[in-house]
Amino acid sequence: MTENNPEVIEKSDKIEIRRGKRDKFREIGIDPYPPRFEKTFSCSKARESVSETEPHEHVAVAGRIRSIREHGKSTFATIEDESGKVQIYFRKNDLTEKYDYIKFLDIGDFIGVKGYTFRTRMGEPTVHAEDFEILSKSLQPLPSEWYGLENKEIRYRKRYLDLISNPEVREVFKKRAVIVSSIRQFLIERGFMEVETPMMQALAGGAAAKPFMTHHNALDIDLYLRIAPELYLKRLIVGGFEKVFELNRNFRNEGMDRNHNPEFTMLEIYQAYADYNSMMDLTEELVRYAAEKANAYRVPLEARASAPVPLSKNDNELPLEARAPSHMLDKHFMEVISDDKSSSLKLDGPWQRIPFFEAIRLGGGPDLKPGDAAKAEAAVKECGIETESREYADHLDSLFERFAEPHLAGPVFITDYPTALSPLAKRKPGEPELVERFEAYVRGMEIANAFSELNDPDDQEARFRAQSDRIDEDYVSALRAGMPPAGGLGIGIDRLVMILTGAHSIRDVILFPTMRPDSKSD
RNA sequence: GGGGCGGUAACUCAAUGGUAGAGUCCUGGCCUUUUAAGCCAGUUGUUGAGGGUUCGAGCCCCUCCCGCCUCACCA
């Protein structure tokens with residue numbers, strides 16, 4: 001990309017012009033990068049302090065210049081800090097010779113302003129400058145304030161420019177921070193303890209994804225970045241902790257698309273003496289709590305290629321049509337959340353619960369009996385689903401994807417998964433082909449996965465062996481020490497944030513999504 | 001990895017195979033309550049990279065790079 005090439009940017013005349021202005025400051029003895037400025041008011045507080053009745057408030061504000069409007073022997077500028085924007089009014093009469101320095105300022109510079117607040121004829125709250133100083137000279141011109149920055153590649157690669165230009169992006173990440181901290185608060189209030197388990201593991205277990213590999217020089221061993229913390233967290237349940245959680249990064253060396261980033265944030269929760277039913281209640285409560293805190297109690301449903309259809313006739317809970325914006329950058333996004341409740345997604349109230357095989361059947365798929373591998377394979381062929389796999393688990397997976405997933409606008413719990421798909425979950429009493437497990441779906445996207453944890457060490461070992469040669473012997477050994485019955489729950493935090501912010505792509509809720517390095521800037 | 005679409009000025013975008021443009025930005029001038037301020041004048045390019053066809057390529061062909069969408073893969 002030409003515009004990404006530092007060589008080209010360095011040669012830009014616009015940058016040289018700004019360097020010239022910076023040098024002007026130095027020539028008159030002003031440091032264009034001074035060490036500090038004492039600000040007494042945020043921009044929004046300064047705006048609020050304008051009063052029709054009280055005397056003028058004296059303020060010291062600071063921020064980035066977003067626009068400058070010269071007006072003869074006076075100048076208006078708008079500066080912005082994290083709290084918002086405020087207008088500054090400079091008058092030659094008040095600033096005398098210092099007024100001339102204004103011509104060395106550019107959009108993007110940080111300035112500090114001391115003055116008093118008033119309201120202009122047009123009613124704009126404004127700081128009348130009595131003194132000002134440059135706080136940081138900006139050399140690189142910012143993207144146009146009017147058109148903004150729309151080039152997605154630059155937005156992801158240079159997120160700082162995206163954050164400067166697109167206020168709605170700042171809101172998404174503020175909301176993400178609220179969601180994450182509210183989840184911690186929710187769990188800690190309920191007696192859960194936050195723990196940290198290894199990110200670098202000799203054996204990447206707890207899920208079936210391909211791991212990233214790295215090498216430890218001193219030990220001369222290969223290590224894997226974890227694909228899940230699951231097996232370590234359950235070791236802690238063995239160790240006697242009864243309510244633990246970990247909210248941190250996982251790494252999976254697989255394809256990337258709008259729902260997958262190689263590193264992503266996962267919440268895993270384990271509770272002794274609980275089961276998957278209690279985890280369902282916990283999921284509902286936790287998501288409801290986070291949505292409330294993030295002011296996203298009702299959120300827009302993404303427009304889908306085919307409108308979701310109800311899974312049962314008496315289901316009046318699910319919105320059948322999707323009218324909401326399909327992209328987080330839709331200018332009316334905020335209004336849609338607050339004003340147009342009819343097209344929103346209900347996260348409150350009990351979520352629908354549908355057993356796995358029932359969901360396939362209700363979606364127009366075959367009526368399968370758990371464990372009937374032959375019938376599942378026949379159904380896959382009959383439906384023309386292309387798959388190279390001969391595995392029962394894969395067949396069930398594709399049937400579910402084909403018939404059930406498209407209808408899961410949600411929120412909905414799919415329960416009672418086939419044992420073949422769930423090597424770490426406890427079997428249902430009396431139904432060995434099913435396990436006590438659920439996944440939560442919203443917008444056709446899996447956001448949670450939970451089960452009654454398998455704590456029978458011999459059954460666990462057998463199910464590991466059926467799947468792979470390299471198994472986590474130490475984990476099985478931990479189970480032999482005895483693990484109380486426990487419920488476990490995993491929630492994909494990025495996906496939850498997508499749902500609560502209406503984001504279309506996981507890259508829109510990750511500050512610095514994984515990108516191929518820009519070859520031109522090497 | 002397959003398929004589709006795209007990459008042109010700092011930003012947002014135009015341009016039948018025939019002199020690379022507009023608006024914003026930027027530079028200079030006027031204007032002491034403007035706010036997408038206004039008025040006047042002016043500057044801005046390795047058209048993602050490389051090769052080919054052609055008298056002539058932003059446009060057609062080939063290779064490559066990057067992004068987006070989609071399919072495949074993915075407990």
Side-chain angles (χ1 to χ4, degrees), chain A residues 1-5 7-9 11-18 20-21 66-78 85 87-95 99 103 106-108 118-126 128 139-157 161 165 206-210 227-228 230 252-260 262 305 326-327 386-389 391 393-394 396-398 400-401 417-425 435 437 439 446 449 451 463 467 490 504-505 507 513 515-522:
Chain A
M1 302 279 320
T2 307
E3 59 266 39
N4 269 354
N5 189 333
E7 292 303 311
V8 172
I9 289 169
K11 284 178 197 156
S12 156
D13 287 345
K14 286 185 164 69
I15 289 186
E16 281 314 309
I17 287 165
R18 286 176 174 227
K21 292 173 176 176
R66 296 307 306 268
S67 63
I68 303 182
R69 298 175 290 284
E70 260 193 289
H71 204 277
K73 297 195 171 46
S74 69
T75 298
F76 290 91
T78 301
K85 296 177 180 177
Q87 179 168 260
I88 310 293
Y89 179 52
F90 302 94
R91 246 169 59 130
K92 191 174 171 76
N93 284 9
D94 305 317
L95 295 164
Y99 185 83
K103 64 173 175 283
D106 287 296
I107 289 169
F118 76 110
R119 199 180 286 278
T120 65
R121 278 184 207 148
M122 300 304 288
E124 182 73 18
T126 302
H128 190 128
L139 300 181
Q140 171 77 54
L142 297 180
S144 151
E145 197 190 12
W146 183 242
Y147 291 105
L149 179 65
E150 297 195 357
N151 183 313
K152 281 191 181 180
E153 182 177 349
I154 300 178
R155 287 185 44 212
Y156 295 140
R157 287 188 191 279
L161 294 179
S165 297
K210 294 187 194 81
I227 55 176
E230 170 148 358
R252 296 187 181 178
N253 203 344
E254 288 173 356
M256 301 162 61
D257 59 38
R258 91 158 73 94
N259 292 323
H260 297 83
S326 61
H327 194 276
E386 288 176 33
T387 174
E388 288 160 21
S389 173
E391 297 287 321
D394 291 330
L396 288 177
D397 223 15
S398 20
F400 182 80
E401 226 171 88
Y417 273 68
T419 307
L421 284 176
S422 319
L424 295 162
V435 291
R437 173 184 177 192
E439 289 195 353
E446 174 196 339
N449 179 22
F451 29 87
R463 280 154 76 176
Q467 202 178 312
H504 180 69
S505 163
R507 292 184 157 193
M515 301 284 282
R516 191 184 298 273
D518 187 353
S519 55
K520 287 297 177 47
S521 54
D522 287 344

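Chain A is the first sequence line, chain B the second, and so forth, proteins listed ahead of strands; every chain is numbered from 1.
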Please give the distance between the [atom1] atoms of [N] and [M] as a whole number of Å.
{"N": "B:U34", "M": "B:G45", "atom1": "C1'", "value": "34 Å"}
{"N": "B:G48", "M": "B:C25", "atom1": "C1'", "value": "23 Å"}
{"N": "B:C11", "M": "B:C5", "atom1": "P", "value": "25 Å"}
{"N": "B:A15", "M": "B:G7", "atom1": "C1'", "value": "16 Å"}
{"N": "B:G42", "M": "B:G6", "atom1": "C1'", "value": "34 Å"}
{"N": "B:C62", "M": "B:G4", "atom1": "P", "value": "11 Å"}
{"N": "B:U46", "M": "B:C40", "atom1": "P", "value": "30 Å"}
{"N": "B:U8", "M": "B:A14", "atom1": "C1'", "value": "9 Å"}

Expressed as a whole number of angstroms, how long is the span from [X]:[atom1] to [N]:[atom2]?
{"X": "A:K210", "N": "B:G1", "atom1": "NZ", "atom2": "P", "result": "13 Å"}
{"X": "A:N253", "N": "B:A75", "atom1": "CG", "atom2": "P", "result": "14 Å"}
{"X": "A:F118", "N": "B:U34", "atom1": "CZ", "atom2": "P", "result": "10 Å"}
{"X": "A:E401", "N": "B:A72", "atom1": "CD", "atom2": "P", "result": "7 Å"}
{"X": "A:E153", "N": "B:C11", "atom1": "CD", "atom2": "P", "result": "12 Å"}
{"X": "A:I15", "N": "B:C11", "atom1": "CD1", "atom2": "P", "result": "11 Å"}
{"X": "A:R66", "N": "B:U24", "atom1": "CZ", "atom2": "C1'", "result": "14 Å"}
{"X": "A:D394", "N": "B:A72", "atom1": "CG", "atom2": "C1'", "result": "14 Å"}

Among the candidates [options], find the nucleotide nearest to the side-chain atoms of [X].
{"X": "A:K152", "options": "B:G67, B:U32, B:U34", "result": "B:G67"}
{"X": "A:I154", "options": "B:U27, B:C11, B:C68", "result": "B:C11"}
{"X": "A:D106", "options": "B:A75, B:U32, B:U27", "result": "B:U27"}
{"X": "A:T120", "options": "B:G67, B:U35, B:A75", "result": "B:U35"}
{"X": "A:K14", "options": "B:U32, B:C26, B:U34", "result": "B:C26"}
{"X": "A:R157", "options": "B:U34, B:U33, B:G67", "result": "B:G67"}
{"X": "A:P423", "options": "B:A75, B:U35, B:U27", "result": "B:A75"}
{"X": "A:E70", "options": "B:C31, B:U34, B:A75", "result": "B:C31"}
{"X": "A:H71", "options": "B:U33, B:G67, B:C26", "result": "B:U33"}
{"X": "A:Q87", "options": "B:U35, B:C73, B:U27", "result": "B:U35"}

Under a 3.5 Å limit for both distances, which nucleotide forms a Watson-Crick or G-U wobble pair with [N], could you say?
{"N": "B:U54", "result": "none"}
{"N": "B:A22", "result": "B:U12"}
{"N": "B:C68", "result": "B:G4"}

Side-chain N or O of A:R507 less than 4.0 angstrom from OP1 or OP2 on B:C68?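 Yes, A:R507 has a side-chain N/O under 4.0 Å of OP1/OP2 on B:C68.
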
For a quick test of reading the model: is some side-chain N or O of A:K73 closer than 4.0 Å to OP1 or OP2 of B:C31?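 So the side chain of A:K73 is within the cut-off, an N or O lying under 4.0 Å from OP1 or OP2 of B:C31.
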
Could you pull out the closest heavy-atom pair between [X] and [Y], with the gap in Å?
{"X": "A:A77", "Y": "A:F90", "result": "CB-CE1, 3.9 Å"}
{"X": "A:M515", "Y": "A:R157", "result": "CE-CG, 3.7 Å"}
{"X": "A:S422", "Y": "A:R437", "result": "OG-NH1, 2.7 Å"}

Applying the side chain to side chain contact (heavy atoms under 4.5 Å, CB included) test to A:P141, which of A:I15, A:I17, A:I107 qualifies?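 Only match with A:P141 under side chain to side chain contact (heavy atoms under 4.5 Å, CB included): A:I15.
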
Regarding [X], tell me which of base, sugar-phosphate or nothing describes its non-hydrogen contacts under 4.0 Å with the strands shown.
{"X": "A:E254", "answer": "sugar-phosphate"}
{"X": "A:A209", "answer": "nothing"}
{"X": "A:Y417", "answer": "nothing"}
{"X": "A:K21", "answer": "sugar-phosphate"}
{"X": "A:R437", "answer": "sugar-phosphate"}

Can you tell me how far the OG1 atom of A:T419 sits from the CZ atom of A:R463, to the nearest 0.5 Å?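 Between A:T419 OG1 and A:R463 CZ, I get 5.5 Å after rounding to 0.5 Å.
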
Nearest 0.5 Å, what's the NE2-OG distance between A:H128 and A:S74?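 Atom-to-atom, A:H128:NE2 and A:S74:OG are 9.5 Å apart.
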
Quick check: on RNA chain B, is the nucleotide nearest A:L421 upstream (toward 5') of the one nearest A:E124, or the reverse? Name the residue that is more 5'.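 Whichever sits nearer the 5' end wins; that is A:E124.
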
I'd like to know if A:R69 reaches the base of B:U34 with its side chain, counting only an N/O donor and acceptor under 3.5 Å.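 Answer is yes: a donor-acceptor pair is held.
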
